[in-house]
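For reference, the structure discussed in these notes is given below.
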Amino acid sequence: MLLLILRRFSVLVLTMLAMSLMVFAVLETNPEGLARKAIGQFSTVAQRTAWLARENYYVSVSDAEEKVAFEEKGYVTFSVNEGDWLIAHAPEEGVVYPDKKISEMVDDEVNVIRALQVPMAKRYVTWLGKFVVGDFGYSYRYKVPVSKVLWPRLLETGKLIALVLLFMIPLSLLLGVLAGMREGSFQDRAFSFISIMTTSVPEFASAVLLAAVFVFWLGWLPGTSSMSSGFSWAEMVLPVTVVTLYATGYIARITRASMAEVMRSHFIRTARLKGLSRRQVIMRHALRNALITPVTAILLQIPWLLSGVIVVEYFFAYKGFGTLLWEAINNTDPFLIEACAMVSVVVVVTSQLIMDVLYIYINPRIRFQ
Amino acid sequence: MSTNPPLLEIKNLNVSYHTRKGDVPAVIDFNLTLNAGESVGLVGESGCGKSTVSLALMRYMGNNGSISGGQVFFMGRDMATFSNEELRALRGSKIAMIYQEPFAALNPCMTIGKQLLEVPLTHEDISESEAKARTLQLLDDVRLPDPQRIIESYPHQLSGGQQQRVVIAMALLSNPKLLLLDEPTTALDVTVEAAIVNIVRDISKKYGTAMIYVSHNMGLILKTCERVAVMYSGQVIEEGKVQDIFVNSRHPYTRGLFRCIPNITADKNSRPLSPIRGQLPLATNRPKGCYFGPRCDFFEEEKCGKDLIPISVADSNGQRVRCTRWQEIDWDNYHPEVNQREKAAIGETLVQVRDVKKTYELPSESPLGLFGGGKREVKAVQDLSFEAKRKEIVAIVGESGCGKSTFAKVLMGLEGGSGGSIVMGNEDLAVLPVGDRTSETIAAVQMIFQNPNDTLNPTHSVGAQIARSIRKLGAASGEDVERKVDSLLDLVKLPRSYKNYKPSQLSGGQKQRIGIARAFAGRANLIVADEPVSALDVSVQAAVIDLLLDIQAKNDTTLLFISHDLSLVRYLADRIIVMYLGRIMEQGQTKDIFAPPYHPYTEALLSAVPIADHRIEKEEIILEGELPSAINPPPGCPFSSRCPRKIEGVCDKELPPKRVFPDGHEIYCHIEEQELKKMQPVFRMIEKVQTTA
């Protein structure tokens, strides 16, 4: 058991590493582009170079002896900040580097600076190391360190997801089990109709519809959920309902299929012919077997919910992870995007691990093999 | 009202299923009277309604089945008058059932103990500890070792035989008056089957339980029942005491069925099978009059083709037969056409198999497994050596897990061998995966698969599938392909028009004929047939075997016949290889395998085969214990853990030596040659047969 978890866990760590490599490859391999995203499209080359030097993309030294050592090897040095020197390759023939601060240079001259880049592998290791200890860098959109804005937002979305799961799990399992209990019956048709309907209406449509009814027509609920005056249950109702409706139908369909299959199996016949009542057959024999598949599906829903709530959060102006991601992308806030991506990876992978453990727990066939 | 009504009385029972095409009768006019402690067999081929009868007795027919006529009296009371609660109180308590597939019949997510305890706790007002004590006692009765461990296990942790014992224990827990057994051993190996049948017999004697034993296997019915009802297409066509039915069956179908069953004492040359022509009618499309009419040699339009045939009493013994002409048929002068064969001359060596090994690697359970270390090995096939000659039929027999199918995969190149060689011509097939073989080699070695339903693509017409094989094997090209398809359909005796059919439009036997046609599409020298008829009904099986033998003889093909069915192997093979847990136990000419000296495993295997012949008596050898796993085989001789003739301290230490007898007969056993020669034959013919008349 423990070994199995350990084995799964090591696979998951590998997955995370692979994912981090991909995030790194997409966002970090072009430092010049990254600098543009961070400090703006209209920054000067000098500003960007200075930024990159400060963010350790280029080799810079603060020790005077090291500076001399580089110069002896044929490198050229520039002063970046007080007491910091950027190391650049020797200039091409005919080009003279003026001994100035980068910020004082005009763009044309600096274009020929070929700053010495920190090797990619080394950068990846420091980058990953910072992520592991929770140092996500600085958000240029919110003008605070990323972690200052990321964690509270994640917590908000966590609340939303928790409430959704709280309603969705019992509701969808109940619907699915009741529908799958008697395949083809009126009960099945009715519940199947409900679940297909809720899951086939997209969130942006049901959000509009529910808002029209409860906000504009009846006026029972607030139309935005920005929680500007602290946490409010009333503001939670609509976002939770919209996501719950959508997810419930989906899980209910899966549960129904699983339940129907179990009800057709031979061991249910055995249980019936033992003389058990229908109720006993379902409670003792059918349920546990029927729940194996939906439990997997529910846990797969969690990563989906994390990004799937963007629509709902945006619609109701809910300040959660979804809107954060949305704004990060819209404003090309590189470190925030990276942080959001990595957090998603961790959430997906963790929910996978939980799913594996839960699966082992509910399905005895796995445990002992 | 009589003072002592029979336990079960079924009067004119009719069961139908509702389908889109209307009501389809599944059981028609079924009558049966069963007294306490009696046992009756229901025998018939698939779709004859035998299982439906047993479920109808439980009043459990799924969503679309219903009893459309007749009455069932249980202990004198009409079951139609039982309320739902009363029915529930009956099920599992007074009437219990044992199912065909024990694994499917047990809840995979519940411990055995919980599933068993449910029965007494539901039906009786007893404490849990009392129920548990009785459960442990019953598990011991069905000879399950270590009952305490069993009740804490989940179904998947037990072997098939153990699971079936659990199901039997579950059925017996509340001491039922009537036990329904629906093909209880069909999914099990033959040595396990023998043990289970013995348990069922002993227990029903011990507890005085009446039994209805549903099976397609005449041999099992002979072994277990006093009376038998033979069913065909929803009707009982003949019934009576088992002995009488075997000695003096009166219905043409029953007679035909016996002629389809290979006999363990005779081969294809001395007693050829005579298949029943035609197919089982579909329940939706039964002929007028006698349902067996279109397949019967005694069919007369006037007498048999008009009305439903009533069942009539044939003699004072209670034998009854559903045939209008049974008194007119002169069985002594009835000699149906059979395919008389001469023993074929066997040619030179075609394939030489030497020391073939196949090992699978499993990931280790130890923490080292994380890093690819500490692998465990499954030795599926070890040191397999034999040769097959041209035109010869070599059979490999053994129970599940003996490595016979693994060897077929290596031979076909579907899996690489782990050692040894399979030399055919100047090629070593053991190291030549199928992707590296030339199309000539592929055409030369072809296979017929076990389940015809799974091996044909359901979306293509059968003609297209045969044509594809022809092109792939390079047997013909262009317009010749079409002609070749026709000739292959002729070869397997199917109408040429069938080439446009989809597999779903064919019956199981017809599909297997297509499988045979495909295998012979190229110029095959060697055909590997992996249980080619085990999925087919007896009457169809005989026809397919007959056909296969014809084609094999005509094409001078070598046939490697893989089977678990010893009667069948006895019928058709020239040479037999007996395998157990990946190793050869014994090999030799067919006649030598079926006569002493035996390998102790062969002896037990032969003894376990149910024989549909009342004239044969046999030695009873019941193997103890379970088939060991190939991951962890016993040291020394693999059979040592179950061998009744085991020599302590020798067999479980060293691999047995090869004992060589005349005619290439080899036995791998520690027992000395002289001792082996002293063995008694397993089968004896009884000279005079007494009927109950």
Side-chain angles (χ1 to χ4, degrees), chain A residues 1-14 180-188 258 260-293 295 359-369, chain B residues 54-55 57-64 84-111 114-116 118-123 153-157 167 170-171 173-174 176 180 182 362-371:
Chain A
M1 175 79 177
L2 193 72
L3 183 75
L4 204 121
I5 294 173
L6 214 70
R7 189 177 294 167
R8 296 275 162 136
F9 188 72
S10 54
V11 172
L12 295 181
V13 169
L14 278 177
M181 233 163 72
R182 292 171 194 264
E183 214 185 348
S185 64
F186 173 75
Q187 184 176 311
D188 178 19
S258 168
E261 194 190 321
V262 167
M263 289 307 285
R264 279 195 301 267
S265 67
H266 285 254
F267 65 82
I268 293 297
R269 185 179 71 185
T270 308
R272 294 277 284 155
L273 294 185
K274 260 182 202 173
L276 300 184
S277 69
R278 196 172 178 88
R279 191 192 155 76
Q280 286 169 318
V281 169
I282 286 166
M283 298 305 284
R284 283 193 215 160
H285 289 271
L287 269 187
R288 182 156 169 197
N289 285 288
L291 289 185
I292 293 173
T293 322
V295 163
Y359 201 70
I360 293 165
Y361 176 73
I362 56 178
N363 191 349
R365 266 171 294 184
I366 304 235
R367 209 179 310 170
F368 299 95
Q369 265 163 19
Chain B
S54 58
L55 287 172
L57 292 183
M58 288 281 218
R59 302 237 148 203
Y60 184 83
M61 279 156 298
N63 287 331
N64 60 343
N84 271 339
E85 268 73 59
E86 284 173 313
L87 266 182
R88 264 214 312 275
L90 204 68
R91 289 175 181 161
S93 151
K94 296 280 188 296
I95 309 180
M97 190 154 176
I98 296 171
Y99 310 88
Q100 175 162 7
E101 282 162 19
F103 185 65
L106 293 170
N107 186 340
C109 283
M110 218 177 185
T111 56
K114 267 195 186 155
Q115 298 190 50
L116 285 170
E118 243 178 10
V119 178
L121 291 179
T122 307
H123 293 292
S153 317
Y154 285 94
H156 68 271
Q157 293 168 296
V167 172
M170 191 186 286
L173 260 174
S174 56
L180 306 171
D182 187 2
L362 288 186
S364 161
E365 279 176 340
S366 77
L368 280 174
L370 274 179
F371 312 102

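What's counted below: heavy atoms across the whole structure, side chains too, no hydrogens, waters or symmetry copies. In what follows, chains carry the letters A, B, and so on, assigned in the order in which the sequence lines appear, proteins first and then strands, with residues in each chain numbered from 1.
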What's the verdict on side-chain contact (heavy atoms from CB on, under 4.5 Å) for R269(A) and F267(A), showing C-alpha distance, side-chain angles and the deciding distance?
CA-CA 5 Å; R269(A) 185 179 71 185; F267(A) 65 82; over 6 Å; no
What residue, out of R59(B), Q100(B), E85(B), M170(B), has the most heavy-atom pairs lying under 4.5 Å from chain A?
M170(B)
Report which part of A89(B) has an atom under 4.5 Å of a heavy atom belonging to chain A: side chain, backbone, both, or neither.
neither
Which answer fits A96(B), side chain, backbone, both or neither, if we ask what part of it has an atom under 4.5 Å from a heavy atom of chain A?
neither
Identify which of R182(A), H266(A), Q280(A), R264(A) forms the greatest number of heavy-atom pairs closer than 4.5 Å to chain B.
H266(A)
Given that the side chain runs from C-beta out, which part of L173(B) has a heavy atom under 4.5 Å from chain A: side chain, backbone, both or neither?
neither
Return yes when atom CD of E86(B) has more than 12 non-hydrogen atoms of other residues, nucleotides or ligands closer than 6.0 Å, and no otherwise.
yes
Side chains of H285(A) and E118(B): any donor to acceptor distance under 3.5 Å?
yes
Whether Q115(B) side chain and M110(B) backbone form a donor-acceptor pair below 3.5 Å
yes
Rounded to the nearest 0.5 Å, what separates atom NE2 in H123(B) from atom CG in L276(A)?
7.0 Å
